[in-house]
K.L.:
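Handing you a structure now.
Chain letters run A, B, ... following the sequence lines, proteins first and then strands; every chain starts at 1.
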Protein chains: 2
Amino acid sequence: MTNFEGMGSLTEENYIKSIYSLSLEAGEVTVSELAKKLNVKLPTVNSMIKKLAAKKVVSYAPYQGIKMTEKGKKEALSIIRKHRLAELFLVKVMGLGWEEVHDIAEQLEHVESERFYNRIDEMLGKPKVDPHGEPIPDVNGKIHSKNRLAVSQMKEGTSGKISAVSNDEKSFLDHLNAKGIQIGDLITLKKRESFDGSVLIITKAKKETMLTHQVAERIWVES
Amino acid sequence: MTNFEGMGSLTEENYIKSIYSLSLEAGEVTVSELAKKLNVKLPTVNSMIKKLAAKKVVSYAPYQGIKMTEKGKKEALSIIRKHRLAELFLVKVMGLGWEEVHDIAEQLEHVESERFYNRIDEMLGKPKVDPHGEPIPDVNGKIHSKNRLAVSQMKEGTSGKISAVSNDEKSFLDHLNAKGIQIGDLITLKKRESFDGSVLIITKAKKETMLTHQVAERIWVES
DNA sequence: TTTTAAAGTTAGATGAGTCTAACATTTAAA
DNA sequence: TTTAAATGTTAGACTCATCTAACTTTAAAA
């Protein structure tokens, strides 16, 4: 089965998505970061990067980092749009839980059909955020993102409404479900432990819960 | 009926689906029929058949035809179930036309998620037929199919209610749409031309329309 | 029944995406 | 500032799904 013009293979799409998300953290992406994220070896990434560079999706020079081009960003945002629309659709229309939609969306994001995604977009009322509070790029790849602050960065004694979590894997969301944490909840930061960065928060249900740094930096409040 | 363990690649799934549908016509499938259907050359089919035979999905001996095993049939029915559920979902829930769902379903049928398909099945009320009137296999691969008669086989002067069309490609369905033919319509066969097998029918809208043999043998009435 | 056409098979090549082993460069430590 | 560790690259091999070219078997025609 052939792929459409312009768009790459499934594998290429996965590289593009990963490069994009890593580049949000650091700007430049290294070959080893990418290899780790995609669960392949360094030479595999190396050869694929050359191919993507030839296609002008990334810019790259040996031993220098990998940088996305505008073309690459557009493709990445198109895939992310599809992924997030799919997740919201699975939750809102199909009644699945926010913790179980990631793996399905990971497959649906590769479906090639304007019609399919436009209908989803319409049915959901051209939504701005996915079930995890992450912004959904519009058809032109534009993201309307709000200012936000990681729980790990909140000042002691302050409160905030949870607006997003930046990880949609089941294990992470099961963890949040177990602690009764959801998008929209008002939480208060009671204490931060300086030696390990863990935080003690007071949840909506007035319960105290400890979050490790890795968890707290992936939960965001409006700011 | 599992999707995960022994399930093959996307390519294998497409072979299995094609072998199954060809075998419904003839029982035994030839290498060249399959090559034509999948749009690949003979040696490509030859080598893939060996692989599928090794996996006990088909039985095969050189120069003899290809025959599906029970295991192969089960896999085929699982894929067909997903394809038809997807088509009905796209029409009923997402409001797409019956002529535009095939290509999307062709992609969705490869989604691996029991959860996804069970929800679709539930939302649709465990449906028995897809938008083209074709039966949807249940989770165990069982098909509840009604007796039916091809329009090409109807006796002159008899009437029947259209129960299915056995081709879901856009070009074919656009053709039927243009003639105003839909599932559930009552039609009457006025005349059959013996030299080319074409038929003249009277549609629901009381209009006379000519159908070629190729079209008439793909439209079915209840019997 | 012999010959020819059609269908099927084998052998070997290709491109995509992956790997391991060996080598090169950059960065961090001693 | 030299050396060791980490990171990146090249070369060559493997699997999957495909191809073309050449050969074999079966079926159809003369």
Side-chain angles (χ1 to χ4, degrees), chain A residues 1-19 22-23 25-68 72 75 79 106-107 110 112, chain B residues 6-19 22-23 25-68 72 75 79 106-107 109-110 112:
Chain A
M1 297 294 117
T2 48
N3 292 303
F4 267 95
E5 323 304 325
M7 249 327 198
S9 65
L10 203 153
T11 308
E12 278 176 28
E13 289 194 5
N14 286 329
Y15 273 80
I16 290 170
K17 200 171 43 134
S18 294
I19 296 166
L22 289 172
S23 74
E25 311 287 307
E28 291 242 317
V29 178
T30 66
V31 173
S32 40
E33 279 170 350
L34 197 46
K36 191 179 172 190
K37 177 139 194 167
L38 290 165
N39 222 22
V40 295
K41 303 299 182 195
L42 293 190
T44 306
V45 169
N46 185 266
S47 64
M48 182 56 95
I49 287 304
K50 284 178 185 169
K51 192 204 265 184
L52 293 176
K55 291 192 175 185
K56 313 272 186 207
V57 168
V58 300
S59 62
Y60 153 87
Y63 297 106
Q64 265 34 52
I66 302 155
K67 227 170 145 289
M68 292 218 103
E75 288 196 25
I79 302 165
E106 203 74 352
Q107 299 179 65
H110 301 293
E112 266 178 25
Chain B
M7 253 318 194
S9 64
L10 202 151
T11 307
E12 278 176 28
E13 290 195 4
N14 286 329
Y15 273 80
I16 290 170
K17 200 170 42 132
S18 295
I19 296 166
L22 288 172
S23 75
E25 310 289 306
E28 290 243 317
V29 178
T30 66
V31 172
S32 40
E33 279 171 349
L34 196 46
K36 191 179 173 191
K37 177 139 195 166
L38 289 165
N39 221 22
V40 296
K41 304 298 184 198
L42 293 190
T44 306
V45 169
N46 184 267
S47 63
M48 182 56 93
I49 287 303
K50 285 179 185 168
K51 193 204 264 183
L52 292 176
K55 291 191 175 186
K56 313 269 186 209
V57 168
V58 299
S59 61
Y60 155 87
Y63 297 104
Q64 268 31 55
I66 301 155
K67 225 169 148 288
M68 291 219 104
E75 288 196 25
I79 302 165
E106 203 75 350
Q107 299 179 65
E109 76 193 6
H110 302 293
E112 265 180 27

K.L.:
Taking all non-hydrogen atoms of both residues into account, name the closest pair between K67(A) and G27(A) and its distance.
P.N.:
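So the two residues come closest at CG-O, 4.3 Å.
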
K.L.:
Is Y63(A) near enough to dA6(D) that one of its side-chain N or O atoms lies under 4.0 angstrom from OP1 or OP2?
P.N.:
no

K.L.:
Answer with base, sugar-phosphate or nothing: what part of the nucleic acid does T30(A) contact at a heavy-atom distance below 4.0 Å?
P.N.:
sugar-phosphate

K.L.:
Does a side-chain N or O from N46(A) land closer than 4.0 Å to OP1 or OP2 of dT9(D), or not?
P.N.:
yes

K.L.:
According to a strict under-4.0 Å criterion, is Y60(B) in side-chain N/O contact with OP1 or OP2 of dT9(C)?
P.N.:
yes

K.L.:
Select from Q64(A) and E12(A) the residue whose nearest nucleotide in DNA chain C is closer to the 5' end of that strand.
P.N.:
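Comparing both residues, the 5'-ward one is E12(A).
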
K.L.:
T44(A) near the nucleic acid: base, sugar-phosphate alone, or nothing, with a heavy-atom cut-off under 4.0 Å?
P.N.:
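It contacts base atoms.
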
K.L.:
Report yes if at least one side-chain N or O of Y15(A) is closer than 4.0 Å to OP1 or OP2 of dA16(C); otherwise report no.
P.N.:
no

K.L.:
With sugar-phosphate meaning primed atoms plus P, OP1 and OP2, does K50(B) contact a base, only sugar-phosphate, or nothing at under 4.0 Å between heavy atoms?
P.N.:
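Sugar-phosphate, backbone atoms only, no base.
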
K.L.:
Return the 5'-most residue of the pair L42(A), P43(B) with respect to DNA chain D, ranking by each residue's nearest nucleotide.
P.N.:
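In this pair, the answer is L42(A).
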
K.L.:
Just N and O in the side chain of S47(B): are any of them under 4.0 Å from OP1 or OP2 of dT18(D)?
P.N.:
no

K.L.:
For K55(B) and dC16(D), give me the distance from atom NZ to atom P, rounded to whole Å.
P.N.:
8 Å

K.L.:
Would you give the length of the straight line joining atom CG of L22(B) to atom CD of E33(B), rounded to the nearest 0.5 angstrom?
P.N.:
5.5 Å

